[in-house]
Amino acid sequence: MDKQSLIIIGAGAAGLMSARTLSGKYNITILEASSSSGGRIRSKQLSHSSKIIEAGPEFIHGHQKLTLQLLKEAGISYVAVEGKMYRKDMNQLVEQTEMIEGWDQLLKQMKKVKTDMTMRDFLDQYFGEEKHADLRRYATNYTEGFDLADVNKASVQSLYKEWSNEEEENFRIPSGYSSLINFLKEDIEKKGVRILTNHIARQIDWEPNNITVYTANEQKFYAEKIIITIPVSILRKAGDKSSINFTPPLDNYIKAAGDIGAGNVVKVSLLFHLRFWKEDAGFIFSDEIFPTWWTQLPDTIPLLTGWAGGIKAKEMSDQTDKEILEKAILSLASIFTITPQEVKNNLKESFVFNWKQEQGIEMAYTYSTLATSSARKLLDTSIDNTIFFAGEALYDGASPGTVEAALVSGKKVAEMILD
């Protein structure tokens with residue numbers, strides 16, 4: 001009996017994991033809009049060093065089961081993140097050994113919330129007094145900076161689920177997350193999966209067990225089933241020239257994609273001639289435009305990565321790379337009480353990653369709004385056992401980790417098809 005054909009839109013972690021699970025059971029074609037696989041996973045090598053930097057995901061947040069399993073299978077090493085945390089406070093850097101005072105009280109109150117509400121309403125209702133001003137600011141910055149979430153929309157119950165399950169130990173992959181992508185790509189290609197890059201899906205005509213995909217380069221592809229793994233920031237724009245048009249339309253599913261929060265980030269990686277920060281510094285926090293910085297410990301390379309999410313990212317999203325780099329330099333000068341010129345004179349190489357401007361992506365990673373739980377339930381169901389959705393946005397686990405989320409979602413939808 002001939003194998004059925006399956007099309008996967010997107011060669012990111014979710015698409016590749018779906019293909020790996022289904023390879024050998026379907027004739028699979030992956031259509032990828034960009035020139036390479038990996039989606040938001042992009043590892044780059046520095047010009048002046050063999051060191052790899054990450055444009056997108058960088059950390060493994062805790063013991064992420066599927067990610068670590070795949071790394072072991074691929075023989076890819078990973079290392080624990082080291083270094084102390086410092087915070088700029090009253091014009092000096094002080095070691096931060098624990099979360100802000102009152103954090104445990106905040107988590108206890110979040111746990112008690114029975115009817116979900118936004119983080120903004122929660123803070124106003126339970127921590128609105130002046131004595132909680134610092135805690136409110138810290139919680140807001142953490143929501144926007146770590147989760148890339150809008151406090152006016154973010155679900156308290158979802159944030160509690162994640163924050164209460166965070167692990168202290170984090171890891172990174174010295175060879176880059178792209179080494180994992182390359183492992184998955186090579187593995188599925190050996191099994192007959194066809195990956196076509198620079199193929200932008202523009203139109204999908206469908207009926208049960210009958211799919212036709214039209215691409216921007218005027219090609220047609222046919223299959224019995226399709227898995228769509230494009231970011232929700234693109235899916236929600238169905239019908240727009242930058243997204244996919246469905247015939248017949250999938251209005252409920254497109255609306256559901258819009259009910260999942262799409263967070264943005266601006267990230268910079270700066271290689272210096274000489275280190276000007278404490279040798280044991282792992283993370284540095286402040287209230288600057290780029291509030292969060294980290295080193296590469298245990299690697300001692302003089303490299304700092306800056307991270308600005310939430311409102312700060314939104315404000316910079318339409319600026320040029322040169323303007324963003326200038327803000328990063330000003331932030332570092334303020335944090336370390338040196339002049340911007342001193343930072344520039346020491347700078348050897350710089351990279352700016354503005355994910356809002358990445359065509360076909362337009363976001364960093366998702367967060368949960370009050371409507372997200374229902375949206376995920378809908379997007380997790382197939383349409384006539386013909387159209388399926390997968391991706392980081394559909395993950396509803398407790399632990400943070402965008403790559404793990406994408407891998408788990410891709411495997412889950414493949415198992416749904418097999419069942």
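The chain is numbered in sequence order, starting from 1.
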(message) Checking K88 against V94 for the side-chain contact (heavy atoms from CB on, under 4.5 Å) test, could you report, in this order, the C-alpha distance in whole Å, the side-chain angles of both residues, the deciding distance, and whether it holds?
(response) CA-CA 6 Å; K88 183 68 179 289; V94 295; over 6 Å; no
**Message:** Are the side chains of T215 and R202 in contact, using a 4.5 Å heavy-atom criterion?
**Reply:** no
Note to self: Can you confirm if the aromatic rings of F146 and H61 lie within a centre distance of less than 6.0 Å?
What the structure shows: yes
Are L303 and T295 side-chain neighbours, meaning at least one heavy-atom pair lies under 4.5 Å?
no
Can you check side-chain contact (heavy atoms from CB on, under 4.5 Å) on I289 and L330, steps first, answer last?
CA-CA 9 Å; I289 298 172; L330 290 173; 6.0 Å; no
Checklist line | Student check: side-chain heavy atoms of L70 and L180 closer than 4.5 Å | finding: yes
For T369 and D259, the nearest pair of non-hydrogen atoms, with its separation, is OG1-O, 2.7 Å
From the list Q96, E95, E279, side-chain contact (heavy atoms from CB on, under 4.5 Å) partner of K84 resolves to E95
Item to check | Whether over 12 other heavy atoms sit under 6.0 Å from N91 CG | outcome: no
All heavy atoms of L379 vs all of I260, minimum pair found to be CD1-CD1, 3.9 Å
Are Q203 and T247 close enough that a side-chain donor and a side-chain acceptor fall under 3.5 Å? yes
key: Heavy-atom side-chain proximity of W206 to P248 below 4.5 angstrom   = yes
Residue pair N141 / E144, side-chain donor-acceptor N/O under 3.5 Å:
no
query = When the aromatic ring centroids of F122 and F127 are compared, is their separation below 6.0 Å?
reply = yes
Q: Answer yes when K190 and E186 have at least one side-chain N-carboxylate O distance shorter than 4.0 Å, and no when they do not.
A: no
Does the ring centre of Y126 sit less than 6.0 Å away from the ring centre of H132? no
**Message:** If the threshold is 4.0 Å, N to carboxylate O, is there a salt bridge linking E288 and K327?
**Reply:** no
Next item on the list: Run the salt-bridge test on R172 and E58 with the 4.0 Å N-O cut-off and return the result as yes or no.
Entry: yes
Item checked: Side chain to side chain, T372 and L370, heavy atoms closer than 4.5 Å -> no
Go through the steps for E326 and K322 under the test salt bridge (Lys or Arg N to Asp or Glu O under 4.0 Å), then give the verdict.
CA-CA 6 Å; E326 188 67 27; K322 184 177 179 181; over 6 Å; no
Nearest heavy-atom approach of N354 to M316 is ND2-O, 4.0 Å
request  = Decide, yes or no, whether a salt bridge links K185 with E189 under the criterion of side-chain N to carboxylate O below 4.0 Å.
outcome  = yes
- Query: Between E358 and R42, does at least one N-O distance fall below 4.0 Å, as a salt bridge requires?
  - Reply: yes
Please confirm whether W277 and W294 have ring centers closer than 6.0 angstrom. no
So that I can tick it off, tell me whether K255 and D251 are bridged by a salt bridge, with the cut-off set at under 4.0 angstrom between side-chain N and carboxylate O. no
Under a 4.0 Å N-O cut-off, is there an ion pair linking E362 with K237?
yes
Short N-O contact, K108 and D104, less than 4.0 angstrom:
no
In short, A139 meets L123 closest at the heavy-atom pair CB-CD2, 4.1 Å
Contact between F388 and I228 at the side-chain level, heavy atoms closer than 4.5 Å - yes or no? no
So CG of L394 and OG of S409: to nearest 0.5 Å the spacing works out to 4.5 Å
| Side chain to side chain, I76 and I173, heavy atoms closer than 4.5 Å | yes
Output for pair (S269 OG, W307 CH2), nearest 0.5 Å, gives 11.0 Å
> Is it true that E73 and R20 make a salt bridge, defined as a side-chain N closer than 4.0 Å to a carboxylate O?
Replying inline: yes
Would K377 and D380 satisfy salt bridge (Lys or Arg N to Asp or Glu O under 4.0 Å), going step by step from the backbone distance to the final call?
-> CA-CA 5 Å; K377 286 177 183 176; D380 271 336; over 6 Å; no
A quick test of your reading: do over 12 heavy atoms of other residues, nucleotides or ligands sit less than 6.0 Å from NZ of K51?
yes
Value for NZ (K72) from OG1 (T67), rounded to nearest 0.5 Å, stands at 15.0 Å
inquiry  = Determine whether the aromatic ring centres of residues F389 and Y253 are separated by less than 6.0 angstrom.
reply    = yes
Taken to the nearest 0.5 Å, the spacing of I200 CD1 from S34 OG works out to 9.0 Å
Closest non-hydrogen contact found for P298 with A80 is CD-O, 3.4 Å
Would you call K161 and D396 a salt bridge, using N to O less than 4.0 angstrom?
-> yes
*asked:* Centroid separation under 6.0 Å, is that true for the rings of W163 and Y142?
replied: yes
On a heavy-atom basis, the closest approach of A333 and P340 is CB-N, 3.7 Å
Q) Below 4.5 Å, heavy atoms only, C-beta onward: do R376 and S368 meet side chain to side chain? A) yes
Take D150 and I311 through the side-chain contact (heavy atoms from CB on, under 4.5 Å) test and state the conclusion after the steps. CA-CA 8 Å; D150 184 342; I311 298 296; 5.6 Å; no
Partner of L407 under side-chain contact (heavy atoms from CB on, under 4.5 Å), picked from L16, T402, L184, is L184
**Study point:** Verdict with supporting geometry, I226 and L6, side-chain contact (heavy atoms from CB on, under 4.5 Å)
**Key:** CA-CA 6 Å; I226 189 168; L6 169 75; 5.5 Å; no
